[in-house]
2 protein chains.
Amino acid sequence: MAIFSKTCEYGIRAVFFIAHKTAKGNRIGIKEIADGIDSPEPFLAKILQDLSRKGIIQSFKGPHGGFYLDESSLNRPLSDVVEAVDGNSLFNGCGLGLKACSEINPCPLHNQFKEIRNSIYKMLKDTTIGTFNDELLTGIFSLKK
Amino acid sequence: MAIFSKTCEYGIRAVFFIAHKTAKGNRIGIKEIADGIDSPEPFLAKILQDLSRKGIIQSFKGPHGGFYLDESSLNRPLSDVVEAVDGNSLFNGCGLGLKACSEINPCPLHNQFKEIRNSIYKMLKDTTIGTFNDELLTGIFSLKK
DNA sequence: TCAATAAAATACTTTTTTATCTTTTATTAT
DNA sequence: ATAATAAAAGATAAAAAAGTATTTTATTGA
């Protein structure tokens, strides 16, 4: 098992890619994004449509249309993307799958998981969609392969 | 998305349950385990057969048969259970799903995920199947609901 | 207005995960 | 030996996730 669903992995890679490709007000098409992050195009289209509907990214139809990010979207934490796609069970669900697990009715690993969930949440909250724009321009980070 | 698959959640809950129910040399049947951890019985049977085949737990057929744990199984780290069921991608896979992600070809979140994976691994390595036997006897921990 | 462009929406297929059901094998006690 | 017990094995089924294809809507520029 991976931490995120495939949908979420593609979604995060896509928002990073869109961020660094549309830094100066332009837009980018689904084909180029899918190619840039090595994902199946029609599947990614659905993911981005969903993120667009939820206001996480922006889009525009027609010629010279495409996906882009406005200023406030660039500053969104990655946790918003994850929550939009995978929900918030990663941040507050029980590690052993118990619905009623809580401080007063804990599973054996309750406290251990609380720490881990918090560190995942903190990491995603402290990283914005635009965080890596500079580094992506220099090519030191990979979003495909 | 949860951290573990359903299969793995049931597996971990089951080994904890078997550990505390068979502390004094006896065995426990699949029905009682499924009931004790609130899991679908035939599905759990599959999981336990697999764990038994892999030597993570022990079993015995026939009257008074059932599942149990020998001394060395009780001292196994939980990471062995997780690895047997979900594989080791949780411990060494890329958070963004990139096959070739590594120190020399990192994804943007490579270092952040390394820390998180390490803390998950450490937690599972430091916890053995028998770790909670005493606490489970007192009923302070829940394995169902 | 019309053709071209590109995302949105919808419907569908495949694969994987989760779950169930049936038959077989091993063991015990009578 | 035989009947009862309980896990092992195998075959199927249902649900969810991943992926594809087709049609519709919005926008632009000629």
Side-chain angles (χ1 to χ4, degrees), chain A residues 1-15 18 21-22 26-35 37-69 82 84-87 89-90 96-97, chain B residues 1-15 18 21-22 26-35 37-69 82 84-87 89-90 96-97:
Chain A
M1 282 272 295
I3 296 258
F4 303 125
S5 66
K6 229 86 198 57
T7 304
C8 195
E9 289 176 354
Y10 292 145
I12 295 174
R13 276 150 61 191
V15 296
I18 297 169
K21 283 289 186 181
T22 64
N26 49 327
R27 299 169 186 144
I28 184 172
I30 182 69
K31 198 162 301 192
E32 203 180 335
I33 304 171
D35 186 63
I37 68 167
D38 196 28
S39 77
E41 188 192 314
F43 188 37
L44 182 64
K46 287 230 295 219
I47 299 167
L48 295 188
Q49 279 159 27
D50 183 48
L51 289 178
S52 172
R53 233 179 291 117
K54 288 172 175 162
I56 308 284
I57 65 177
Q58 284 68 51
S59 69
F60 205 86
K61 286 184 181 180
H64 309 119
F67 295 92
Y68 63 103
L69 296 164
V82 172
V85 175
D86 277 352
S89 66
L90 184 63
L96 299 186
Chain B
M1 283 271 298
I3 296 258
F4 302 125
S5 66
K6 229 88 199 55
T7 305
C8 196
E9 289 175 356
Y10 292 146
I12 295 174
R13 275 150 62 190
V15 297
I18 297 170
K21 283 289 185 181
T22 65
N26 49 328
R27 299 170 186 142
I28 185 171
I30 182 68
K31 198 163 301 192
E32 204 180 333
I33 304 170
D35 187 63
I37 68 167
D38 196 29
S39 76
E41 188 192 314
F43 188 40
L44 182 65
K46 275 284 158 61
I47 298 167
L48 295 187
Q49 280 159 28
D50 182 48
L51 288 177
S52 172
R53 236 179 289 115
K54 288 172 174 162
I56 308 284
I57 66 177
Q58 284 68 51
S59 69
F60 204 85
K61 286 183 180 181
H64 311 120
F67 295 92
Y68 64 103
L69 295 164
V82 172
V85 175
D86 277 353
S89 67
L90 184 62
L96 300 186

Worksheet item: Choosing from C:dA8, D:dT28, D:dA9, which nucleotide comes nearest the side chain of B:Gln49?
Response: D:dA9
Worksheet item: Counting just side-chain N and O atoms, does B:Tyr10 come under 4.0 Å of either OP1 or OP2 of C:dT18?
Response: no
Practice prompt. Under 4.0 Å between any heavy atoms, over every strand shown, what does A:Pro42 touch: base, sugar-phosphate, or nothing? Just pick one.
Written response: base
Worksheet item: A:Glu41 has an atom CD; how far is it from atom C1' of C:dA8, in whole Å?
Response: 14 Å
Worksheet item: Does the side chain of B:Phe4 reach to within under 4.5 Å of the side chain of B:Leu90, using non-hydrogen atoms?
Response: yes
Discussion item. Quick check: any donor-acceptor pair below 3.5 Å linking the side-chain of A:Lys46 to the base of D:dG19?
Written reply: yes
Worksheet item: Given atom CD1 of A:Ile47 and atom C1' of C:dA7, what is their separation to the nearest angstrom?
Response: 15 Å
Worksheet item: Do the side-chain N or O atoms of B:Arg53 get closer than 4.0 angstrom to the phosphate oxygens (OP1, OP2) of D:dA7?
Response: no
Fill in: Of A:Thr7 and B:His64, the one whose closest DNA chain D nucleotide lies more 5'
B:His64
Worksheet item: Which atom pair, heavy atoms only, marks the closest approach of B:Val15 to B:Leu69?
Response: O-CD1, 3.9 Å
Worksheet item: What is the distance, rounded to the nearest whole Å, between atom NZ of B:Lys31 and atom P of D:dA4?
Response: 16 Å
Worksheet item: Can you find a side chain N or O atom of B:Arg27 that sits less than 4.0 Å from OP1 or OP2 on D:dA7?
Response: no
Practice prompt. Answer yes or no: is there a side-chain heavy-atom contact under 4.5 Å between A:Thr7 and A:Lys46?
Written response: no
Practice prompt. Could you tell me the separation between the NZ atom of B:Lys61 and the P atom of C:dT24, rounded to a whole number of Å?
Written response: 13 Å
Discussion item. Any base atoms under 4.0 Å from A:Ile33, or only sugar-phosphate, or nothing? Heavy atoms, all strands.
Written reply: nothing
Worksheet item: Of the nucleotides D:dT20, D:dA7, D:dT28, which one has an atom closest to the side chain of A:Pro40?
Response: D:dT20
Worksheet item: Under 4.0 Å between a side-chain N/O of A:Ser52 and OP1 or OP2 of C:dA8, yes or no?
Response: yes
Fill in: Side-chain ion pair, A:Asp50 and A:Lys54, N-O less than 4.0 Å
yes
Fill in: Integer-rounded Å distance: C:dC21 P and B:Ile30 CD1
15 Å
Item to complete: For D:dA8, take OP1 and OP2 only and decide whether either is under 4.0 Å from a side-chain N or O of B:Ser59.
Response: yes
Worksheet item: When all nucleic acid strands are considered with a 4.0 Å heavy-atom cut-off, which category describes A:Leu48: base, sugar-phosphate, or nothing?
Response: nothing
Worksheet entry | Among C:dT20, D:dT20, C:dT18, the nucleotide that comes nearest once only the side chain of B:Ser5 is considered | C:dT18
